[in-house]
Participant: 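Before I ask anything, here is the structure I am working with.
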Protein chains: 2
Amino acid sequence: MVTIKDVAAHAGVAFKTVSRVINNDPTVKPKNREKVLKAIEELGYRPNRAAQMTRRKKSGVVGFIADELLRVPYTFDLIKGAQDLAWKHNKELMVLNVNVDKYSVEGAVNHLFEHRAEGIIYAAMYHREVQLPSHFSEVPTVLANCYDSDGHYPSIVPDEQEAARQITASMLSKGYNRIAFLNLNENIIAARLRKKGAEQAFADAKQSPDNLIIESVIINDEDGEHSVTRNRAAELINSFKPDAILCGQDPIAVEVYFVVQALGLQVGKDIGIGSFDDWDIIPSLVQPGLTTMALPHYEMGQWAFNYLLEERTDKAKETAQFTLVSRQSF
Amino acid sequence: MVTIKDVAAHAGVAFKTVSRVINNDPTVKPKNREKVLKAIEELGYRPNRAAQMTRRKKSGVVGFIADELLRVPYTFDLIKGAQDLAWKHNKELMVLNVNVDKYSVEGAVNHLFEHRAEGIIYAAMYHREVQLPSHFSEVPTVLANCYDSDGHYPSIVPDEQEAARQITASMLSKGYNRIAFLNLNENIIAARLRKKGAEQAFADAKQSPDNLIIESVIINDEDGEHSVTRNRAAELINSFKPDAILCGQDPIAVEVYFVVQALGLQVGKDIGIGSFDDWDIIPSLVQPGLTTMALPHYEMGQWAFNYLLEERTDKAKETAQFTLVSRQSF
DNA sequence: TTATAAAAAGACAACGTTGTTTATTTGAGC
DNA sequence: GCTCAAATAAACAACGTTGTCTTTTTATAA
């Protein structure tokens with residue numbers, strides 16, 4: 001590989017001058033700068049990052065630990081949010097996936113330490129509480145889509161309650177006023193907060209809480225669980241007779257579509273459907289398109305990176321807002 | 001940060017001895033090794049990768065350029081396949097997303113060169129021909145899920161033809177013998193190959209080609225296009241009267257589900273449906289579950305990494321096999 | 001015990017860059 | 001043309017490692 005000295009020899013200057021040119025030091029005469037740039041061009045020289053890092057004692061590396069317990073593809077946006085900023089600021093985002101069976105968090109942190117990461121973003125694949133090993137305290141760390149109970153680390157999570165309030169309010173404003181909420185399981189924080197949000201919307205609109213029924217639904221990829229959700233949804237429609245159904249996540253909504261269709265009802269006409277996530281292409285795939293609250297993954301990724309970039313030290317507890325993506329399901 | 005010399009001082013040995021311990025050099029007496037390990041433990045020392053790289057003149061970095069023209073989430077498996085192996089071999093997989101509007105391939109390659117990447121995996125998000133800038137020739141490069149017309153680079157792509165043959169044959173073997181194939185647009189290589197595969201299956205089974213109709217479908221996220229697909233599917237069912245429909249990708253299949261249901265038919269009973277991709281959770285979300293040919297993304301990612309790891313130099317043109325994921329749709 | 005070889009540990013240079021100090025060149029003012 | 005300061009360039013050390021060579025220690029055989 002061609003080094004800074006090769007360039008210097010080729011340009012007929014001291015190698016330090018080449019270094020100056022690379023680093024935009026203004027104390028290089030235009031004539032020399034030109035010579036150097038020409039030599040760089042001709043030799044195809046590229047500075048060696050590893051050498052720069054050792055000498056500068058700065059790595060420019062930011063770690064991103066993706067706690068991939070769930071295979072939720074759209075969370076990729078979390079990474080993208082951070083990565084776009086990293087690229088922009090000429091930093092390296094070192095992404096490490098950890099999961100229970102394969103790579104431990106310890107291993108990932110160790111790896112990042114060896115690379116002298118200047119900060120770590122720890123991101124969970126769904127909004128939840130996490131418990132981090134103590135080594136994290138050695139380097140600035142920020143949590144995305146999760147939080148720690150001690151409040152020891154800054155964090156950003158989706159504003160679940162406000163999202164639920166907003167979509168419920170939107171339903172109410174469109175005249176739907178008897179709503180069944182097929183919520184996520186309440187051991188998930190999002191479910192508890194969304195419940196509050198929905199109730200708040202009803203209270204704000206001075207609607208009777210009797211017209212809101214909230215149930216937890218079991219989520220699982222196994223086929224058995226699907227039919228449970230479906231049966232429960234069908235029962236609920238027949239007994240409670242809602243004019244709209246709010247679903248805890250888009251996949252639940254898809255199931256409800258099938259149930260509604262099987263009952264001979266038309267989504268968006270006979271019954272409204274709303275949801276949370278904006279999960280990949282799913283909402284635009286069903287007919288009619290599913291109105292859903294989009295998770296602010298990209299924004300959370302950006303916020304987290306920015307927090308580190310700005311070398312903040314406060315213990316921020318930030319929330320990020322969902323976006324209502326309106327289609328035709330209500 | 002604690003360095004190798006700090007450890008040496010703490011352990012009372014020469015710093016070279018510490019280096020030996022780190023690198024598992026057997027010529028260190030057990031007693032000294034123990035002292036050093038203890039010191040490492042006590043000081044929390046971790047070798048500085050950047051320094052190792054400069055001295056060793058090896059980066060251990062493999063670049064992964066993800067040509068993300070399409071937002072297809074399940075292609076993440078391509079990265080995972082490579083990353084799992086990278087981790088296992090203690091290499092760094094540097095993933096860079098490039099796309100038309102933001103980051104150029106040139107920029108990504110430059111970045112990788114600065115990191116002295118020892119190899120590059122160039123992965124496309126859908127099976128297609130690519131044209132790479134010439135700098136790639138400077139470092140071992142392998143293509144995943146794409147190929148170059150010159151055959152200059154080794155590559156691995158999904159075996160589209162065999163996949164189509166296989167799923168069609170599977171349908172035929174189950175008694176479906178009048179099949180409508182809602183294929184992808186034929187300007188996509190996959191569509192052309194799959195057409196051949198389906199025809200081959202018919203020929204192999206000595207079925208009349210008249211019982212196979214193949215049509216290209218326009219794929220687009222905009223809502224207008226959806227209805228086009230749907231209308232065409234409905235027409236086809238009414239006119240051609242197939243007993244099974246093969247779809248070019250899972251999202252098309254979902255649309256067909258809705259059409260079939262609207263026509264009062266039952267998927268898996270009155271009409272079979274098969275598809276390609278195994279796109280995230282979609283196939284298990286629809287009812288009944290969608291039988292589909294899973295793309296071998298993970299395997300392609302692994303193969304590509306392995307090719308570089310083994311320092312192969314042949315111009316391999318490999319294909320990877322899809323996997324038939326059987327559910328209840330046919 | 002001594003000679004000798006093998007094993008282990010140490011000393012020192014090197015990797016490709018940047019920080020710091022020192023030397024040289026340039027240009028302004030007389 | 002000369003002086004002197006400012007601008008520019010060069011020299012050299014340093015970053016934290018590993019490679020190579022040299023020295024010291026240990027073990028073995030006579």
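Protein chains get the first letters and strands the later ones, always in sequence-line order, with residue 1 at the start of each.
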Participant: Below 4.5 Å, heavy atoms only, C-beta onward: do V95(A) and V95(B) meet side chain to side chain?
Facilitator: no

Participant: Both K16(A) and M1(A) contact DNA chain C. Which one's nearest nucleotide lies toward the 5' end?
Facilitator: M1(A)

Participant: Enumerate the ring pair (Phe, Tyr, Trp, His ring centres under 6.0 Å) contacts for residues 13-66 of chain B, please, sequence neighbours excluded, ordered by first and then second residue.
Facilitator: none

Participant: Quick test of your reading of the model: are K38(A) and E34(A) salt-bridged, counting only N-O distances below 4.0 Å?
Facilitator: no

Participant: To the nearest angstrom, how far is Q52(B) atom CD from dG19(D) atom P?
Facilitator: 10 Å

Participant: Between Y45(B) and P26(A), who's closer to the 5' end of DNA chain D by nearest nucleotide?
Facilitator: P26(A)

Participant: Assuming nearest nucleotide by heavy-atom distance, tell me which of K57(B) and K29(B) is located more 5' along DNA chain C.
Facilitator: K29(B)

Participant: Touch check for T54(A), heavy atoms < 4.0 angstrom, all strands: base, sugar-phosphate only, or nothing?
Facilitator: base

Participant: On DNA chain C, which is the earliest and which the latest nucleotide, 5' to 3', with an atom closer than 4.0 Å to a heavy atom of chain A?
Facilitator: dG16(C) to dT26(C)

Participant: Within the 4.0 Å heavy-atom criterion, would you say T17(A) contacts the bases, only the backbone, or no part of the nucleic acid?
Facilitator: sugar-phosphate

Participant: Report the residue (A14(A) or K5(B)) whose heavy-atom-nearest nucleotide on DNA chain D is the more 5′ of the two.
Facilitator: A14(A)

Participant: Relative to the ring of W87(A), is the ring of H111(B) parallel (under 30°), tilted (30 to 60°) or perpendicular (over 60°)?
Facilitator: parallel

Participant: State whether R49(A) and E114(B) are salt-bridged, where the test is any N-O pair (Lys NZ or Arg NE/NH1/NH2 against Asp/Glu carboxylate O) under 4.0 Å.
Facilitator: yes

Participant: May I ask you to decide if the ring planes of Y153(B) and F136(B) are parallel, tilted or perpendicular, using 30° and 60° as cut-offs?
Facilitator: perpendicular

Participant: How many whole angstroms separate atom CZ of F15(A) from atom C1' of dA10(D)?
Facilitator: 9 Å

